[in-house]
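Below is one structure, written out as structure tokens; comments come after it.
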Amino acid sequence: MREKLGDLAGRHVTIVGDIAHSRVARSNIWGLRAVGAHVTVCGPRSMMPKRVEDLGVQVEYDLRRAVRDADVINVLRIQLERQGTNTFPGAREYSRLFGVSNEVLAGTKPECFVMHPGPMNRGIEIAAEVADGPRQVILQQVTNGVAVRMAVCYLLCGGAAQLEEEGRGTHPMPRAVSAIGA
Amino acid sequence: MRIDFESLPHEYVLVNGTLVDPASNYQGAGEIWVREGVIAEVRQGGPVAASPDVPRVDVAGIAIAPGFLDVHVHFREPGHEYKEDIETGCQSAVAGGFTGVVMMPNTEPPFDSAGVVESVLKRGRQVGLCDVFCAGALTQGRAGAKLAEYHDLKSAGVSTLTDDGSPVVNPALMRHALEHAAMLGLVVAAHSEDKALSAGGHMHEGYWSTHLGIPGIPSAAEELGVARDLILARETGAPIHIAHVSTRGALDVIRLAKQQWGVDVTAETAPHYLELTDRELVGYSPNLKMNPPLRTESDRQAVLEAVTDGTIDMIATDHAPHAPMEKDLEFEHAPFGVIGLETSFAVAHGQLVLSGKMPLVELVRCMTWAPARRFGLPGGRIEAGQAANFALLDPEARWQVLPQVLRSKSRNSPFLGRTLRGRVVATVYRGRVVHRAVPDIRRTVEVA
């Protein structure tokens, strides 16, 4: 997101999917709120965590409304088998209500782009035409993801201390993080 | 206080203490004459008629309550003795001022037959630190499919029936359990929970479970379970006891059942629901994980109010030991359960008495007379002829809950590290001191 948009303050990010069971959604919410972005979560009501709006996000059950002002759409993988407890009628209903297709993208800003943490269920939460189309950055996400994981491992294995010593210390934590959920 | 515990004689008089007797609603000066493990005489507001030869034991500054009775403890014997056994469970009990406990039947084998019950009761007598009673299982194997043999269990000496740990999922079976138990004069203690609603949850479902990313257990799981069981009790006319109440909604239904439906219902709550909320789970400590889970501040206030207004009749700890290797896991992998015998009085005292919500005698009623009367058990009275079972309390003493202080085999207390106010200074069972706190007790104990 930073690569394509620069400063994320004031930007609109919409996260679509099973918010309640998604670690991606939660860490996105924490991180994006910390840098001052607007976050909208969209997904089935039965998969929306309780009091999620208290994390400082907008809740929207209508996908087309949820993406209208979005700069970024982050599409989450749906795992209907995993739910097992009958949270949702099935893949067909899900794809009709929450599947991101070209028709859905037609109602978004032209510069809005699509992300997906992968692996993708083409045809369910994301249409093949979108997954393989010009509006997505999913392969770059994968590359960036590898680099970020390498950096995190490095920092956790003592690299942070080393950088401090060399005078190349990491940035201090943004103030906004500690305010979330207080 | 100058009790010389090493040589407490067979006959003595407790003087200068404050008698707290819920049965006669008395809290004030008085003396208690103990002889051969039995109360020979009690005099409220004056001296007993014992001769000057009988040694006087000066308990100035101490409140003398009947020994506490906990109707909900898990001592894990037989089957899981690495967590706790009857002996260490009783040591933990007397350390908390308890002279009576009712063991829950979710052992291995469970208390679903006379033989197991008899051997457990015998072991309790052998340990000899406090009265050990048993709850018989509602269903065979606690499997929720067939009724256990209540007559058999009653003959063996059970005090109540429950499948605690689990609800009886089939309402028709629960109905028949209530009917059969009522016919035999036994009160069913219900662990009321809708398992379909609570499935997959590890803490209260609310803002904090969302914040922490842990699947939640909605209040509705308890409320639906309680409503169901109370309606079945109403339907059958059977007496019922609701275990470990934690939500405002459940209390609303219990109040309705008591006041409008005419159901013979009593309810218990645990000390942790009086003091702690789901917010405490920031930090993901499994020592704060139990079922029902810690709820919201609104629920906590409702529970405190319910104890004050009598909707909740008694306090029971649901003492549930688990070995450190079991609890020291990621939150979602740790089992539910916390110990509570040794901190029960202090926590309840802080929340209910020190806060001004009720006098000490009322709290003591919740911990002695109310459970004794409901389940037909001895205790709860300081009266001539009763066994000399007392909890000697210093309501002012501060102490820190440190692992090395606890007598249980396990350490999974939600209050570890906290400083509590109100301490059981000593516990007397059949006239003998079976527990004393640190020998040189002072008003305020230095914290580490």
Side-chain angles (χ1 to χ4, degrees), chain A residues 15-34 39-61 74 76-89 117 152 156 173-174 176-182, chain B residues 166-167 169 193-225 246-250 276-285 288-289 291-302 329-333:
Chain A
I15 308 173
V16 185
D18 180 356
I19 309 294
H21 292 96
S22 172
R23 288 186 292 266
V24 171
R26 285 186 61 253
S27 54
N28 269 202
I29 291 170
W30 287 94
L32 288 167
R33 297 290 299 122
V39 178
T40 300
V41 290
C42 176
R45 187 148 168 185
S46 50
M47 296 177 183
M48 200 57 76
K50 207 145 182 208
R51 304 268 303 272
V52 68
E53 60 278 3
D54 290 347
L55 294 178
V57 304
Q58 286 275 99
V59 181
E60 179 57 71
Y61 300 113
N74 198 356
L76 304 176
R77 172 184 164 79
I78 189 75
Q79 290 175 269
L80 287 166
E81 336 73 47
R82 198 242 295 196
Q83 268 65 32
T85 48
N86 209 13
T87 337
F88 204 78
V152 170
L156 290 175
M173 280 295 265
V177 172
S178 53
I180 291 175
Chain B
S166 318
V169 171
E193 179 187 345
D194 187 303
K195 294 287 275 182
L197 282 176
S198 62
H202 298 276
M203 66 174 282
H204 173 69
E205 184 188 86
Y207 170 74
W208 287 104
S209 64
T210 293
H211 177 109
L212 294 169
I214 292 178
I217 299 171
S219 292
E222 173 173 311
E223 291 159 4
L224 210 58
S246 72
T247 66
R248 183 177 284 276
L276 305 170
T277 62
D278 54 349
R279 193 200 169 108
E280 303 278 343
L281 287 148
V282 169
Y284 298 97
S285 169
L288 291 163
K289 179 175 181 178
N291 187 30
L294 298 174
R295 305 284 189 185
T296 67
E297 178 61 18
S298 166
D299 293 304
R300 186 180 82 91
Q301 291 300 329
L329 294 177
E330 298 93 322
F331 193 86
E332 289 175 49
H333 294 295

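A, B, ... follow the sequence lines: proteins, then strands. Residue 1 opens every chain. Values reported hereafter were calculated over all heavy atoms of this structure, with side chains retained and with hydrogens, waters and symmetry mates removed.
- For the set B:Gly213, B:Pro215, B:Ala196, the entry with the most heavy-atom pairs within less than 4.5 Å of chain A is B:Gly213.
- Using a 4.5 Å cut-off on side-chain heavy atoms (C-beta onward), A:Trp30 and B:His211 make contact.
- Taking NZ from A:Lys50 and CH2 from B:Trp208, the interatomic distance works out to 15.5 Å, rounded to the nearest 0.5 Å.
- For CD of A:Glu53, the number of neighbouring non-hydrogen atoms (other residues, nucleotides, ligands) closer than 6.0 Å is greater than 12.
- Looking at B:Leu212, only its backbone comes within 4.5 Å of chain A, counting heavy atoms on both sides.
- The closest donor-acceptor contact from the side chain of B:Thr210 to the backbone of A:Val52 lies at 3.5 Å or more, if one exists at all.
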